[in-house]
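For reference, the structure discussed in these notes is given below.
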Amino acid sequence: MSRGSVPAALCLVVMLVGSRLCQQLRAFAGRPPCRLTPRPRALATRAMKFSKFAQFLEEASQISGPGSRHRRIQRILTLFEAVRSTEEMKLVLKLMLCDLDKINVGHALLLAAADEMGLKSTKKPAEKLAQWLSRGDVPDVGEGWQRLLKKEGTAGTVEDWNLQQVWEALEKISEIQSEGAVQKRTQLVGKLATGCGRKEPAGGKFICRIMYGKGLGIGANKKTVAKAFAKQRLVPNGERLLEMLEVNPDIDRVLESLEGDCQALAQLWSPITPACAQPSRSVEEVMQKIHTKGKSMNWRAEWKYDGERLQIHADKKSKQVRLFSRNLNNVTGRFPQVLDAMITDKHNFENIILDAEVVAVDGDRILPFQILSRRPRQAQGRTKQQDVADVAFFVFDCLFVDGESILHQPLKERRSRVWKVLSKSDQIRIAEGQAFTDAKELQVALGKSIRASTEGLILKNLDSPYEPGVRTAEWLKLKKDYLDSSLSDSIDAVAVGVRRGNGQRSSVYGSFLLAVRSKGSSGHCKFQTICAVGTGLTNQVLNDLYELCQPLVSDSGVVPDFLDATSAGSKGWMWIKDFWKAPVMEITAADLTESSVHSCGLGHLENSTAIGLRFPRVLRLRPDKGPEQATTTEQVVSMYNDQPQIKSVRRSTKGSGKPKAEPMTKRFRFEGCEGEADAGGYCVGRAHRPSERTFVMEVLARWPEFRPFHVHSRRVFRHGLTLLQRGGLLTKENPWGAF
DNA sequence: GTTTAGCGTGAAC
DNA sequence: ATCCGACACATTCGG
DNA sequence: CCGAATGTGTCGGATGTTCACGCTAAAC
Ligand SMILES: Nc1ncnc2c1ncn2[C@@H]1O[C@H](COP(=O)(O)O)[C@@H](O)[C@H]1O
């Protein structure tokens, strides 16, 4: 077998699953206060100390290996069993799930608070902490706090707050406002750290993470905590916690309701966790998913509008309307135009809950997400000046109508139910879509949707019920940037800056500042930043990049002169000085956006705007390329101008778009694979076991033709492995050496 | 003393 | 938003 | 038929850009 050619058996067709659960909804974050009942004090006598709470968490965090999930759940269960009252249980849950009101405490403030802990053993604790973090001595601020507090020791009498005290401190922090707020907050946070972490330093770590609000880092979040809660006995109906939370995010209320006869039904004025869609990477993959699902061929392709998810609650008689964001925040004040549109007499409902996407529009034209996000976030006074843009609501589902929860009804029913009672208007529109049965129809629909400036399609099983909070297989998203085709171009960009990772990535660089090539005025090459990227990298690649870049990093902190960077775009980076050795990465993105942080295209566009990338991610490294072969600014600019939204604006304002630019780098597809999913049926799964990873590495190393594939570590050649084994190319004795 | 620029935070994607 | 790793559980393969 | 290999789902935790808002610090 010659090295440059690919065995026929290895024809790989990318067609299958990339099912990725996105991160969980941060369902609880920042919910506006709606606490009507004063909180009774927990029993003072046996109230749980934060130190004890922290010990449980610490133990749970150390569990790993096979069976770890179960053991972790058991450990958390013991924590629950140490709880003495429902009130205390509320606190435990809210703390574990970081369900706090907005407290305006972030990374910087947590650092500064180290100086407010009254530490004796460390001089300039905040400085020390920052140093630890920059060197990766400590994976996150929380661990840093723990380390500082540990040094203090527990000699003498030491504060040890109970959960109630901690909660009250958090509430106090959330209330701090106006002049001097930052200082007051910092002091209070410092005090809280002392109260939580003097007796048990791990308590400092956890209170820090709780305030930061991104999870406790113990390998247990909402789902796992709920599993443990299901087994505890103090509060009845524990196994219903999750479903109840999906229909009412208020933990206090839900725990109370569990004590009665509870049912997970949609309720007016109480936000329902929205359903999400699974990503799909091609028309073929979609068709395959639909068919293997079997039963129903009753599917609908709907435009995926690029705006914000909005849940509309309305009641005709009381003339009330309430709007909730995807994360269940109350955003009623942000869309005053729509409130009126919801309470017209033209509608034939008494009350209703709609699922919709709100989009910035100009008449019939759909505007980019960026325009929508420029609208004010808070209710504007009566003296509203010209708004940034009109908005329209594209309704695509209905969860509740006239006092009845219709979550369980099939989509078909729900749809026909709404359209009967909802009256369309400029503000209230219906999501465009069509039924489809085969790949061809789907392909056509996809093309249409993209030309209409949407992100792609959402495909829905018309026979499926509404599943709150679930990334259900009954909804598939097919976005243009997922597609392996010329529809989405990739960019080859140079890593010009690096930044140390956090948490589990603290031993390597966690993200990279990327730049593209541009001709400097003097004819020299200048590079312009286009995005930072930190996803799409495997641990292997991260380690390699660390080894590769470490020697190239300058210690000066001065932006190198080959680089054209804005001041905002150059904050927090360590610079690569040995530029010509800098690694090149092939990346992709969902959109090209206007940027004030990055410098790409400065000088090529009107209003001295520059271009950045939305949702950038690494496809692969390009060790075969040097910076001089990176994509150019001009190419990026023409990609920008090629976007449907930009074109449509140009059409309406000017005559025509710019002339077509030189061709982009295209991703390679191995010959014979295109559209031949049935030909061999060889492919594709995730290569996540070590032997499979090794195999992939080998294949990539030996047949460069494979490299240009959209190779994420989890969507590669499983069957290729089998085939090679069967063909005798791989043997048991020498699994990888037979090439 | 008043105005403006900068920075941190949260939240949308 | 995207993506990856680890683990869990289901299904198929091969002796 | 059973253990190993493979296929797929679930969950947690890394990471991105941009914007408005409100406080702080600098500039006038
Ligand atoms: N017709 C539609 N049906 C469902 N979701 C839609 C639709 N149009 C836009 N979306 C949005 O797409 C989001 C899901 O995409 P993603 O967040 O990429 O998983 C939802 O949260 C909605 O806000």
Side-chain angles (χ1 to χ4, degrees), chain A residues 16-24 26 29-30 64-70 72 102-109 112 177-183 185 213-224 227 278-279 292 306-309 325-327 329 331 334 369-378 388 455 471 473 479 481-482 499 501-506 510-512 531-542 567-568 571 587-591 593-598 612-618 684-686 688-689 691-693 712-715 718-719 721-722 725:
Chain A
L16 264 203
V17 188
S19 91
R20 263 324 62 220
L21 277 193
C22 275
Q23 75 232 46
Q24 301 305 301
R26 294 189 53 213
S64 71
S68 58
R69 182 169 157 81
H70 180 253
R72 194 173 286 127
K102 197 162 84 169
I103 60 175
N104 289 301
V105 171
H107 187 268
L109 199 141
Q177 265 185 5
S178 70
E179 203 181 314
V182 171
Q183 198 192 344
R185 240 178 253 139
K214 303 235 160 82
L216 264 43
I218 61 171
N221 215 320
K222 195 171 173 183
K223 294 274 172 51
T224 307
K227 274 239 156 108
Q278 287 184 352
T292 56
D306 190 9
E308 290 178 25
R309 184 80 170 262
S325 73
R326 175 179 176 148
N327 292 329
N329 290 316
V331 291
R334 279 177 52 192
F369 175 75
Q370 215 170 358
I371 304 294
L372 181 73
S373 64
R374 288 187 184 138
R375 291 169 39 86
R377 306 280 163 92
Q378 303 209 314
V388 177
E455 297 182 283
R471 198 162 282 279
K479 291 178 62 167
D481 60 298
Y482 294 160
R499 185 180 280 163
N502 300 309
Q504 295 168 337
R505 279 206 195 164
S506 59
S511 63
F512 300 83
C531 69
V533 74
T535 190
L537 300 154
T538 62
N539 287 345
Q540 174 72 59
V541 169
L542 284 167
S567 66
K571 283 195 165 38
I587 59 174
T588 192
D591 281 306
T593 64
E594 285 182 24
S595 174
S596 56
V597 171
H598 295 291
L613 300 183
R614 180 147 82 135
F615 312 145
R617 62 264 195 189
V618 175
V684 163
R686 310 181 317 209
H688 58 295
R689 278 174 261 261
S691 63
E692 295 159 356
R693 292 287 263 266
H712 283 138
S713 68
R714 44 188 324 137
R715 44 200 304 273
R718 174 73 56 93
H719 282 286
L721 173 59
T722 311
Q725 282 170 340

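All figures in this text were calculated on a predicted structure; none of them were measured in a lab. Proteins come first, then strands; the chains are lettered A, B, ... in the order of their sequence lines, and each starts at number 1. Any value given below was found using the heavy atoms of this structure, including those in side chains, with hydrogens, waters and symmetry copies removed.
- Proximity of A:Ser595 to the phosphate of D:dT18: a side-chain N or O atom is located under 4.0 Å from OP1 or OP2.
- Checking D:dC19, D:dT24, C:dA1 against the side-chain heavy atoms of A:Arg326 singles out C:dA1 as nearest.
- At D:dT17, none of the side-chain N or O atoms of A:Arg614 fall inside 4.0 Å of OP1 or OP2 (strictly under the cut-off).
- Computed from coordinates, the A:Arg185 CZ to D:dC23 C1' distance equals 8 Å when rounded to whole Å.
- Summarising the geometry, the separation between NE2 on A:His598 and C1' on D:dG16 is reported as 9 Å, rounded to the nearest angstrom.
- In this structure, A:Gln370 places its CD atom 9 Å from C1' of D:dC19, rounding to the nearest Å.
- Nucleic acid contact for A:Ala590: none, since no nucleic acid atom lies under 4.0 Å from a heavy atom of the residue.
- Computed from coordinates, the A:Phe615 CZ to B:dA12 P distance equals 13 Å when rounded to whole Å.
- Counting distance only, with no hydrogens placed and no angle test, the side-chain atoms of A:Thr535 and the base atoms of D:dT15 include no donor-acceptor pair under 3.5 Å.
- Between A:Ser511 and D:dT15 there is no side-chain polar atom (N or O) within less than 4.0 angstrom of OP1 or OP2.
- A sub-4.0 Å separation between OP1 or OP2 of D:dC11 and a side-chain N or O of A:Lys223 is present.
- The nearest whole Å value for the distance from the CD1 atom in A:Ile218 to the P atom in D:dG13 is 8 Å.
- The distance from the CG atom of A:Asn329 to the CZ atom of A:Arg377 is 11.5 Å, given to the nearest 0.5 Å.
- Of the candidate nucleotides B:dC13, D:dC23, C:dT2, D:dC23 has the atom nearest to the side chain of A:Ala181.
- Put simply, A:Arg69 has no side-chain N or O that comes within less than 4.0 Å of OP1 or OP2 on D:dG9.
- A donor-acceptor contact under 3.5 angstrom links the side-chain atoms of A:Arg377 to the base of D:dC19.
- Both A:Glu308 and A:Lys571 lie near DNA chain B, and the one whose nearest nucleotide falls closer to the 5' end is A:Lys571.
- Taking atom CZ on A:Arg72 and atom P on C:dC7, their separation rounds to 9 Å, with Å as the unit.
- Considering only side-chain N and O atoms, A:Lys479 lies under 4.0 angstrom from the phosphate OP1 or OP2 of C:dT2.
- Place A:Glu455 and A:Gly65 on DNA chain C by their nearest nucleotides, and A:Glu455 ends up nearer the 5' end.
- Across the protein-nucleic acid pair, A:Asn329 atom CG and D:dC21 atom P stand 15 Å apart, rounded to whole Å.
- OP1 or OP2 of D:dC19 sits under 4.0 Å from a side-chain N or O of A:Arg374.
- Summarising the geometry, atom CG belonging to A:Asn221 is positioned 8.0 Å from atom CG belonging to A:Leu216; distances are rounded to the nearest 0.5 Å.
- Using a 4.0 Å cut-off, no side-chain N or O of A:Asn104 falls inside it from OP1 or OP2 of D:dG22.
- Distances were taken from every side-chain heavy atom of A:Ser373 (C-beta onward) to each of C:dC4, D:dC19, D:dT15; the shortest belongs to D:dC19.
- Whole-Å rounding puts the A:Arg617 CZ to D:dA14 C1' distance at 16 Å.
- Phosphate proximity of D:dA14 to A:Gln504: present, with a side-chain N or O under 4.0 Å from OP1 or OP2.
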